[in-house]
Amino acid sequence: MKLKVIPAPEFDLAMTLDSGQVFHWRRVGGGFVGTIGNEPIYIEQGEAGEPLRFAGGATELIRDYFALDHSLSSICASFPKDAVMEEARDFCRGLRIIRQPKWICLASFITSSMKQVAHIRQMSEALRRRFGNRREICGHETHTFPGAARVALASEAELRDCALGYRAKNLLATARRVSSSQADLEKWADLPDAELRALLCGLPGVGAKVANCVMLFAYERLQAFPIDVWIARVLKQRYFPRKRKMTERAMREFAQGYFGEHGGYAQQYLFHHARKTSRMKK
DNA sequence: CTCCAGGGATGAT
DNA sequence: ATCATCCATGGA
């Protein structure tokens, strides 16, 4: 199969797919196999910044999904100038916040609660294999993520079989709201941040952290700043080492004011840097 | 306010 | 090889 090529300066495919924002891409040889919506995709990149070579989707789909139009240089220039941020920025060169389909992103992050990245990947895989559609690309098998309507037809027990645990109930309840258009995810794209956040938080299984992830990764609200344990650790240890206790509220207010209009990007860089460097520590 | 639910990878012993 | 720890939401 002949691969299509698009230039991708300031982009690191492997790092982006391994940064905890998307959970289903699988490494095969020199590239990755996955789906963008219902399209099966194979994609590879030599070194970071080199052109992408891909099969399975339109060029415009790839460009949009991987947000190749984001100007990383101006985004990074908007970050605060401090040692912690600069370290993360250098470490995460080429990491982009991608544009994910809304339902898939929402469903993935509902399953993410109290789970680590490796587990979330397993649940995504199980849901896809069980309820999604099988696709083939460049001789590799992959599965689409089931739509809200399909998940809504599943039983809680079936979802539990996919290792969702207590999250099964929340995913099912949210799938029913989304598929009945009681929650119109596409329409919510027009709302201002605060209203969008409030509606997302009204869905079963969605709290402040998950809502911010969905805003950042599916609604392109680049200011949304999800605070998970990793980020809380960075804020406490590196930005406020003298403070005895940092409340959730204090962290939220600091982050909102300090990291600026691309706070979500700053968050993603701090998160990825913290995860990867702590892992190598040994 | 506290406690707890599911569970597999990861790290410590 | 066993044991403890990681994790975010919502309900009791």
Side-chain angles (χ1 to χ4, degrees), chain A residues 17-27 100 102-131 148 151 154-178 182-183 185 196-219 221 224-238 244-253 255-256 264 267-268 270-282:
Chain A
L17 294 182
D18 184 37
S19 67
Q21 51 178 323
V22 65
F23 304 102
H24 74 281
W25 291 90
R26 179 165 51 92
R27 214 176 233 301
Q100 298 184 45
K102 297 175 178 61
W103 157 251
I104 300 176
C105 182
L106 172 63
S108 301
F109 278 93
I110 286 175
T111 70
S112 81
S113 105
M114 261 310 259
K115 288 282 190 186
Q116 283 155 296
V117 172
H119 301 159
I120 305 166
R121 295 183 66 89
Q122 289 176 1
M123 291 184 286
S124 168
E125 174 80 5
L127 289 169
R128 285 166 182 272
R129 281 187 177 280
R130 182 133 184 187
F131 303 110
V151 175
S155 67
E156 187 182 326
E158 284 179 304
L159 296 176
R160 278 181 178 265
D161 280 350
C162 299
L164 266 67
Y166 64 86
R167 301 157 198 82
K169 182 184 230 130
N170 292 333
L171 182 63
L172 182 56
T174 291
R176 286 181 175 155
R177 289 204 204 174
V178 171
Q182 193 183 336
L185 299 184
L196 173 59
R197 183 176 289 112
L199 283 172
L200 287 169
C201 285
L203 296 171
V206 181
K209 152 70 165 60
V210 170
N212 277 318
C213 286
V214 176
M215 289 175 69
L216 183 57
F217 302 136
Y219 286 88
R221 306 302 169 101
F225 196 96
I227 299 178
D228 72 324
V229 288
W230 290 98
I231 288 299
R233 226 172 273 154
V234 171
L235 293 181
K236 286 175 187 165
Q237 293 175 359
R238 313 233 20 214
R244 315 183 88 260
K245 63 165 188 154
M246 276 296 274
T247 63
E248 193 68 29
R249 181 194 184 82
M251 288 190 284
R252 208 169 52 232
E253 285 172 359
Q256 191 164 32
Q267 179 275 163
Q268 190 64 20
L270 293 170
F271 172 85
H272 186 68
H273 179 236
R275 270 185 75 226
K276 289 301 162 183
T277 51
S278 96
R279 187 144 319 199
M280 299 190 297
K281 224 176 251 181
K282 209 190 71 147

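Every chain is numbered from 1, with letters handed out A, B, ... down the list of sequences. Predicted model, so just to flag it, every value in this text is computed and none were measured.
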Is the shortest side-chain N to carboxylate O distance from A:E253 to A:R249 below 4.0 Å? yes
Classify A:V206 by what it touches in the nucleic acid, base, sugar-phosphate, or nothing, heavy-atom distance under 4.0 Å. sugar-phosphate
I'd like to know if the side chain of A:Q100 and the backbone of A:Q21 have a donor-acceptor N/O pair within less than 3.5 Å. yes
Backbone N/O of A:L171 and side chain of A:R176: donor-acceptor pair under 3.5 Å: no
If the condition is ring pair (Phe, Tyr, Trp, His ring centres under 6.0 Å), which residues does A:H273 pass it with, not counting sequence neighbours? A:F91
All salt bridge (charged side-chain N to carboxylate O under 4.0 Å, His left out) counterparts of A:K102, not counting sequence neighbours: A:E186
Which is true for A:R121 with a 4.0 Å heavy-atom rule: it touches a base, it touches only sugar-phosphate, or it touches nothing? nothing
side-chain hydrogen bond (donor to acceptor under 3.5 Å, both in side chains) against A:D228, all qualifying residues, sequence neighbours excluded: none
Send over the distance from A:Q116 CD to B:dG8 P, rounded to a whole Å. 13 Å
Heavy-atom contact window of chain A on DNA chain C, given 5' to 3' at under 4.0 Å: C:dC6 to C:dG10
Check: A:V234 main-chain N/O paired with A:Q237 side-chain donor or acceptor under 3.5 Å: no
Checking the side chain of A:T174 only, and the main-chain atoms of A:L203 only, is there a donor and an acceptor separated by less than 3.5 Å? no
Rounded to whole Å, NE2 of A:H119 lies from P of B:dG11 at a distance of 11 Å
Short heteroatom pairs, N/O only, protein and nucleotides 4-6 of chain B, under 3.5 Å:
{"unit_1": "B:dG6", "atom_1": "N7", "unit_2": "A:R167", "atom_2": "NH2", "d": "2.6"}

Quick one: are A:F109 and A:I120 in side-chain contact, heavy atoms under 4.5 Å? no
Fill in the dot-bracket string of DNA chain C, one character per base: . for unpaired, | for a pair to another strand, ( ) or [ ] for pairs within the strand, taking Watson-Crick or G-U pairs under 3.5 Å. |||||||.||||
Report which part of the nucleic acid A:A168 touches: base, sugar-phosphate, or nothing (heavy-atom distance under 4.0 Å, all strands). nothing
Quick one: does any side-chain atom of A:R129 pair with a main-chain N or O of A:A126 as donor and acceptor, under 3.5 Å? no
Are the side chain of A:Q268 and the backbone of A:S19 linked by a donor-acceptor contact shorter than 3.5 Å? yes
P atoms of C:dT2 and B:dG6, separation to the nearest Å: 24 Å
Over all strands shown, is A:I227 touching base, sugar-phosphate only, or nothing at heavy-atom distances under 4.0 angstrom? nothing
Comparing nearest nucleotides in DNA chain C, the 5'-proximal residue of the pair A:V229, A:C201 is A:V229
